[in-house]
Structure formats: C-alpha cells, structure tokens
Amino acid sequence: MFYDFKKIEEKWQKIWQDTCAFRAQADPGRRKYYLLEMFPYPSGKIHMGHVRNYTIGDVASRFKLLQGYNVMHPMGFDAFGQPAENAAIKNKTKPDVWTYKCIKEMETELKRMGFSYDWDREISTCDSSYYKWNQWIFLKMLERGLAYKRASGVNWCPSCQTTLANEEVVDGGCWRCHTKVEQKDLEQWYLKITDYKERLLEDLGKLKQWPERVLAMQNNWIGKSAGVDIYFRLKGRDEVVPVFTTRVDTIFGATYIVLAPEHPLVKELIKGKPEEKEALRFIEKVSKESKVVRTAGDVKKEGVFTGAFAVNPVNNEDIPVWVADYVLMEYGTGAIMAVPTHDQRDFLFAKEHKLPMRLVISPKGCGMRVEEMSEAYEGEGVQVNSAEFNGLTNLEAKEKIAVWMEKKGTGKIQTHWRLRDWLISRQRFWGTPIPVIYCPKCGIVPVPYEELPVELPKDAPFTGDGGSPLGKVKEFVQVKCPRCSGEARRETDTMATFFDSSWYFLRFCSPAYGDSAFDVQEAKYWMRVDQYIGGIEHAILHLLYSRFFTKFFQDLKMVDFDEPFEKLLTQGMVLKDGEVMSKSRGNIVDPDSMIKEYGADALRLFILFAAPPETELEWDRKGLEGAFRFLNRVWRIQENLKEKADRSLVKTMHKTVKKVSEDFNDFKFNTAIASLMEFTNAIYQSGADRDVFSKLITMLSPIVPHFAEELWQTLGNKESIFKSSWPGYDPELLIEENIELVIQVNGKVRSKLKVSRNIPEAELKELALKDEKLGPWLGGKSPRKVIVVPQKLVNIVV
RNA sequence: GGGCAAGUGGUGGAAUGGCAUACACGACAGACUUAAAAUCUGUUGGCCGCAAGGUCGUAAGGGUUCGACUCCCUUCUUGCCCACCA
C-alpha cells in the first residue's frame, strides 16, 4: 500500500557508500562546484536545524551534480569545546572518548538522511592531524606580529577558579554557581584582526551574493566612525586629554569633559584634592563590576567630580573634569566632551549633577530655550553661540570647524573603529594547545615547527573543582626551553574554538595533506566556496574570522583570492508552536523518530516545502504526512504508464522543467515542489508515459534521492540517477498559440478574451471595445484612453 | 537608542507593477467499502444574493499610476542583530 521507504533508503545508502558515489577529485578540465554547509558540533544527535541546513545543501549539491559540475560536498566536525569537558566530569570519562563516540553516532544519523557527502574528506578539529595546523597557523601569525599577549580584564568566577565568557555571566553571577563575577586582569593571547579592519570593511562590497542583513551586521560590528579628536588642555598641568567626537559641530556647547574610570590620568588628577577619597571609592566600585553589569540596559549613569578643570580649546572656557561609568575606556580615547544640550546621555548626567548647559544648535524656525528643554536636541539645525560659525547649518559647521581646529592644532580629523583584537586564550582543556613555551631566560619561545603538534595529554584529571586540567599535568607543563634547554613552562591555555572553524573550508580541499595547512594547488582548484549555507547566528564572528584568515593566507601567498565564500545562504530556524525548538522548552521533535515513521525522503521533502530556506519554518506533523502522501501518489504513477502522453501534458512537462530549473537555481525549493505537485496532478488527469515519468523523477531526485533512485532502477536504468543529467526544455513548446487576455475597465477585471497570440494591437482594441460584457461598465461613454499590454491585458479608461 | 527584515484565507505559504490567495495542511461533500482506513473526485476569503452576479478585501492611513500585496511617505505591530560607541 505504501512504498517501502525503509528498505529502499537502506539499500541506496549502502550502494552510495560502497560505490563512493560522491567522491570528488580535482579535475581542471571540469567546472567545479564547492558546496559547504557549516559543520556541526558533535553533540551526538542531529536536530531539525541540522536536518534543514544539510537538506538545503544536499539538494543544491545533487542538482549541480546532475547539471554536470564536478561537485565537492564535504562534511566534518567542529569537535573541540566545553560540552565535552562537562560531559567528562559528569560521566567520569575523557573528553576525547566522549567526543569520538558522539561523532560516530552523528555520522550514522547524517548517513540516515541520505546526504551526498564525500566522506573520504571528513575532518574532526580535535584530531591532532587537524589541530597541528591550528598551531602552525598560530606560529605564522606570531612571526608576523599578528598574535601577541597582553593583560586584559576578564570575567572571573572566584569560586570555580575560571574565566567566564560574557554569555556565561547571568545577572552578574556565575551561571554555574551564582557567585558574584569579578573583573580580573590576566595575560591573554590576542590575534590582531584590527590590522585587517580596512580590508574586512572594504571587501564587504565584493560580497554581492551575501544577504544584506549579514553585510549590515558585519559593517556594524567593524564599526567605522569618522569624527575629530579634540585636545583639551588641563588647567595647571602639562597633559592634554584627547576626546573623540562625531559631533564637532557641538564643540561650543561642551561644558564639561568626562573620563572613563580606568583612564590612566584619573588617579593623577585627583591626587591631594578634597574629592580624592570619594573619587577613589567610586573607581573601586566600578572596577569590581563585570562588563556585563556595567553595560546592561538602563542603569543610572553615575559619576564624580575630579576637582580638576580643562580648557575648551575653541572658547578658552574652564570646564570641570568628571569621571563616570558611562564612558568606556575601550572606545575612542576613553574620554568624552559632554554637550548636554545635544546628547541625551550627557543631558541626563548634567541634570542629575546640576552641570551647566549651552544651546549651540537651534532647530530651524523655532527658538529653543535651554531652561525649557526636557531632553537633548540631537537633530539638525543652525549654529548659535558658536562664535564665527553662527548662522551656518550644523552640517556645514561640522566640516568647517574640523578643518579650522586641525589648522590651529587643537584637534585632528580621526577615525575610530569598534572592532577589537580577538581574544583567543581559553583556560580550558578541550581545545588546541597554544604552542609556546615560557622560559625564565628567553621569555616567550615558540614551539619549533618540527615539534608540532603539541598534543593534549591523554590522562588529564577531570575533577570539576576548577582550574584548567592541563595545568595539572606535570609532564605537559614542564619542558625544556627549545632555545637554551633550561627548565621552562609550557603554555596551558588553549585556543578559542572559533580558531578551528576559521579555515576548515581550506582543509577540506586536501584533508590529509601533511606539508602545510592545505595543499595550495588543490585549494587553487576548489576554492572559493561557491555556496556556503548555515545559521544566521554565525553572521558575525565565524564569518568575520574566516574572512580574516583568508586574507592572512592571501598575505602568505597561499591563496590568490581575498574572500572565501562566494555566495551565502542563512537558513531560518525550525519552530514548534511559534517557538524555537529547545531542550529547555521541551518542544523538540527528534528527526530520527520521524525518519523511522515516514522515511528520510518524506522528511526532506516536507522541510523544503514548508517554507522558503531563509525564513522561519513552523514544524507541522500533518505537513510531513502530506509530503509522505505525495510520494506515494508519485509512486503509483508507475503502475499506469501509457504508450504516449498527450501533447498538452508534454507541454506542461516542458513548462515544469523550466520553472523547476529556475527555482532550484534560486534556492526556491518550496515553489519548485509546488510546480512538481501541479505536474503530478496533471499526470493524474491525463496519464504519463515513460519519458514524462522519468523527467518527473529526475526533477524530484535532488529532494528525495532514495525514492528517485529506486523508481529510476525500476524503469530499467542500470546506472545511478545521479549519473544521468538534468532535463532540458524546448522553448518552442512553451509558446501558446491562443491566449486568454484580461479586459479591465478602470483597472478592474470585467471580462476575458481568447485571442491569437500575435493579434495586432488595433484589432485587439476593437475587439475589446465590442465586448458586450463591458456594456454596463462603459455606459455608452467613449473611452478616454485604452492601454494594451501585449499578451497580458487591455485596460479601458472611461 | 541605532540598524535590518517582516506583516496576505482557519494554518504553512504563492504572486515583486497587470486575474490576490498557486501548492499544501485543515475542514466539508461525493465515489469506492458491510464498515473504517487508504485512495480517487469535488467545494472551501468575508459580506449581499435562490441565482447570474455584485461588493469589500494583502497591519492602518495617505500618495504616485490607466492599474499597487508589489513603488514612495507616515504610523502601528512582530522578529533578529548591535548598543551608555561619544
């Protein structure tokens, strides 16, 4: 009654595996297509998000295969990370044992979906054969000054004795034990991604086939901001405080300046002043707050007076210097000029502390008065109280004041960036060991290339009582200095896992290559990735880091392109009852159980049909049943094949081939499937022959590969359907001799007309005007205008 | 606060200036059946009408156009990203 999906799917999965059906080999004579989906973290089970991501990729991959491309479609595992350590502690096992077990399980589940991966290229980032090259890349960066070490504030849980990522700080406490998180200075390794900021920003313009949204997010993240650094002289001292502003037009309204609590000058300024005690107490308090707390939501802006004064360089006014928590050391110069009338934060702060205000930009056509302001005016207007610049629009003034100040040496036109260097140190075990050694005599010494990989010890203790397990393995930590052979200490920090995924797409080109991170020749053939598919959650970090690494390899002359991913698709999330599927919500639908019930093909079909790839997808069991029903409906066609199909059905077939080909190219799988369903309905009306049926199956094959292979074989074909080719269509057959036109009166459809395709315009007009159905609408009046859109409609305007 | 995306039947969605609601889900009806399931065939936006047909209708309001779900302006709502960024 139903087709036996279980038997069929197992059969073809075995055949594909035994024949290495999707093995890819570089072949300069053929057009290549590199299709990549973001590789998963091996949790052991696939979820609907994976199913969606990888199904979209698989359809595209098989479609390209049928079109004759040399397709590379690899898969691997992003296998380092904290869950393995947690599991090791919880289950008294080892991270590697746990991870490899999960990888095995996950492979099985992926294979059960029938994905067309070249499993010969499989990589796991936790293999030393992979992370060896992480270390190699790190050393190359170290040589070029792109990797460096410096002290920086981190979130520190004093109870767990570990650093926490920002996401691990919940309401100011540790996510695990709720202890109050502190700021602590630790020596950390950084990558100097900021050296690449201009290229990373500029090259976004080359990514024509990336979603606007992702480009906007990256642009935002890099955060280039143009303005002026203004130099404020300190009253009675030699130092000058530079502040950054994007609103130099408001400089005449700057009535005080504010330093960040961490600003190096603060402690000097308050020394010996009556305000010293209170100021120190304030700085102390702020320094203890974690970043997350300090930058959270609508906290009240707090601050204290330093007792010092600065001089506003444009009018020589003495203005007070304050310290406040709303100024951040990490951005700009760590100091701001405050213009309460034209900046809302400054406005609130000035009201609170009764600081002076002066209006310098007046909105056009209305006199604004400082005493009456209830909020800052941040809009455009005309300069007032601005000496020789009065009367200019603020936009004109912005440029003129900047130039004027630069000439006088009181300011400098300046650009600031939001992008920070990338902190890669993690005080964790399950990651790539950073390949350096600390020698009391020689300092930081890189591990020599020939000693790579620095492997993770097999028997580190996982006790769960904090601190890095690596630090507890004596044989790992105690080493001889490679330079002086004296006693030295090995780095125990490991790399952030984003490092691993920043170049894996290059490793896939030559996964077993032993001389370097990747084979330059192979990469030259396969790269760039023609189509990359993954979740929007990686829109910023992963994609930015991958772009950064690619540019680094370009500088090493290992690649000759500057962007790794030609085309990007970010697939939407899978929801249930309007909410993201998650363990905590308890609304997870397990793909494996759906495969058991309806088969992988039905699941693939449903997930592609239910929504366009980029939008959210609402899980619908009834919809899955519907997909399964459709497959059975197609299955039954083979029982009633005719000798020769009707001409009209053949025409429908050609139309369908055109539509489906176009939709597949544009990743519009939902409408492609709709067309295939319409085509199937038409077959039920008039009956298919072998040729029509074969074409239907071929068009379905990227979506439901096992199902298609089986029917293809039943039709007597000896080779796999994926060795055949995508059907073409005859444009001649798409042309209809007689077409139906819409006749409108004043833009409303009032009648329809069947006419020959090539009817002359004049004749058509006449015919339309004579249409008796239009009588009541025309009311005997003569038309004012008649619009004819060839082969579409006639609109009569009265 | 800034940026981006979206808002269409009972539901998922289709149509990107030219017949709004393709395709599917659900619902209802008919055929087959002792019966059910499965299958096949229909109907299915609201209102008025026995009907033919009319009329309203794509978040709300306005505009451009012979013609607007589609383009422009204003407002509202939802989602995502960034955010004391100076």
Side-chain angles (χ1 to χ4, degrees), chain A residues 1-2 211-221 223 225 227 230 243-247 250 254 257-258 260 294-302 324-328 330-339 342-346 348-349 378 416-418 536-537 539-540 570 572-573 575 578 605-606 609-612 614-627 629-630 632-633 636 668 670-681 684-685 740-752 776 783-789 791-798:
Chain A
M1 192 182 288
F2 300 129
E212 281 289 329
R213 194 151 83 104
V214 175
L215 295 176
M217 280 157 79
Q218 294 235 336
N219 194 20
N220 220 323
W221 188 260
S225 153
I230 300 174
V243 309
F244 176 63
T245 183
T246 54
R247 290 294 306 272
T250 65
I257 67 173
V258 190
R294 198 170 139 194
T295 58
D298 322 305
V299 267
K300 202 166 135 196
K301 301 176 194 343
E302 291 184 66
D325 58 357
Y326 77 97
V327 177
L328 307 174
E330 303 88 72
Y331 188 77
T333 61
I336 62 156
M337 66 173 198
V339 186
H342 304 295
D343 182 285
Q344 184 61 15
R345 288 157 305 173
D346 298 342
L348 292 173
F349 193 81
E378 295 181 340
H416 283 269
W417 303 72
R418 212 193 74 99
I536 186 77
E537 66 273 20
I540 298 178
T570 50
M573 286 188 289
L575 310 181
L605 177 63
F606 162 72
F609 180 54
E614 299 89 346
T615 62
E616 291 175 334
L617 183 151
E618 177 67 32
W619 176 258
D620 176 15
R621 200 196 164 93
K622 289 285 182 189
L624 175 58
E625 277 174 33
R629 240 186 338 250
F630 170 71
N632 281 294
R633 200 167 144 84
R636 284 190 297 271
K668 290 180 180 171
N670 56 330
T671 50
I673 292 167
S675 307
L676 290 166
M677 286 173 167
E678 280 179 86
F679 182 35
T680 302
N681 291 341
Y684 265 74
Q685 295 297 326
E740 194 178 56
L741 287 185
V742 170
I743 312 299
Q744 297 181 330
V745 178
N746 292 337
K748 292 201 187 244
V749 181
R750 296 302 181 192
S751 178
K752 286 174 186 179
R784 204 144 53 88
K785 201 170 171 189
V786 180
I787 288 143
V788 177
V789 183
Q791 295 178 46
K792 267 192 183 144
L793 59 73
V794 179
N795 188 14
I796 302 165
V797 189
V798 293

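Fair warning: this is a prediction, and the values are worked out from it, not measured in the lab. Per chain, numbering begins at 1; letters A, B, ... match sequence-line order. Scope of the values below: all heavy atoms of this structure, side chains included, with no hydrogens, waters or symmetry mates.
For A/I540, counting side-chain heavy atoms from C-beta on, the closest listed nucleotide (B/C81, B/A86, B/A22) is B/C81. Comparing B/C23, B/C66, B/A86 by their closest approach to the side chain of A/A674 singles out B/C23. Comparing B/G18, B/C19, B/A15 by their closest approach to the side chain of A/T671 singles out B/A15. Checked against B/C40, B/G2, B/C56, the side chain of A/R633 finds its nearest nucleotide in B/C40. Of the candidates B/G54, B/C84, B/G3, B/C84 carries the atom nearest the A/Y326 side chain, counting heavy atoms from C-beta on. The side chain of A/W221 sits closest to B/A83 out of B/A83, B/G54, B/C66. The side chain of A/K752 has B/C19 as its nearest neighbour among B/C40, B/A86, B/C19. Nearest to the side-chain atoms of A/T246 among the listed nucleotides B/G13, B/A86, B/C80 stands B/A86.
Judged by distance alone, with hydrogens and angles left aside, A/Q744 brings a side-chain donor or acceptor within reach of the base of B/G18, the pair sitting under 3.5 Å. Contact of A/K792 with B/C19 (side chain to base): no donor-acceptor pair of N or O atoms is detected under 3.5 Å. Side-chain atoms of A/N795 and base atoms of B/C66 include a donor and an acceptor less than 3.5 Å apart.
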Could you go through nucleotides 26-32 of chain B and list every protein N or O atom that sits under 3.5 Å from one of its N or O atoms, giving the distance for each pair?
unit_1, atom_1, unit_2, atom_2, d
B/G26, OP2, A/R629, NH2, 3.3

Table of protein N/O atoms under 3.5 Å from nucleotides 7-12 of chain B N/O atoms:
unit_1, atom_1, unit_2, atom_2, d
B/G12, O2', A/A610, O, 2.6

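Atom P of B/G1 sits at a distance of 32 Å from the matching atom of B/U11, rounded to the whole Å. Annotation: B/A20 and B/U75 have their C1' atoms spaced 25 Å apart (nearest Å). Here, B/C80 and B/G30 have their C1' atoms 48 Å apart, quoted to the whole Å. Taking atom P in both B/G79 and B/G12, the straight-line distance is 16 Å, to the nearest Å.
Using a 4.5 Å cut-off on side-chain heavy atoms (C-beta onward), A/M337 and A/I230 make contact.
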Item to check | side chain to side chain contact (heavy atoms under 4.5 Å, CB included) evaluation trace for A/I787 with A/Q744 | outcome: CA-CA 9 Å; A/I787 288 143; A/Q744 297 181 330; over 6 Å; no
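Residue contacts for A/Q685: at a heavy-atom cut-off of 4.0 Å it reaches the sugar-phosphate backbone alone, with no base atom in range. Backbone-only engagement by A/V749 is indicated by non-hydrogen atom pairs under 4.0 Å involving sugar-phosphate atoms exclusively. Contacts of A/D346 with the nucleic acid, taken as non-hydrogen atoms under 4.0 Å apart, are absent. In this structure, A/N670 reaches the sugar-phosphate backbone alone: every heavy-atom distance under 4.0 Å involves primed, P, OP1 or OP2 atoms, never a base.
Stem analysis of RNA chain B (at least three stacked-register Watson-Crick or G-U pairs, each with both distances under 3.5 Å) gives B:1-7 with B:76-82, B:10-12 with B:23-25, B:26-31 with B:39-44, B:45-48 with B:53-56, B:59-63 with B:71-75.
Between A/R418 and B/G2, a side-chain N or O to OP1/OP2 separation shorter than 4.0 Å is absent.
A donor-acceptor pair is defined here as one N or O able to donate and one able to accept, closer than 3.5 Å; such a pair exists between the side chain of A/Q218 and the backbone of A/A539. Remark: the backbone N or O of A/F349 is not paired with any side-chain donor or acceptor of A/Y326 at under 3.5 angstrom.
Regarding A/I536, its CD1 atom lies at a distance of 14 Å from the C1' atom of B/A6, rounded to whole Å.
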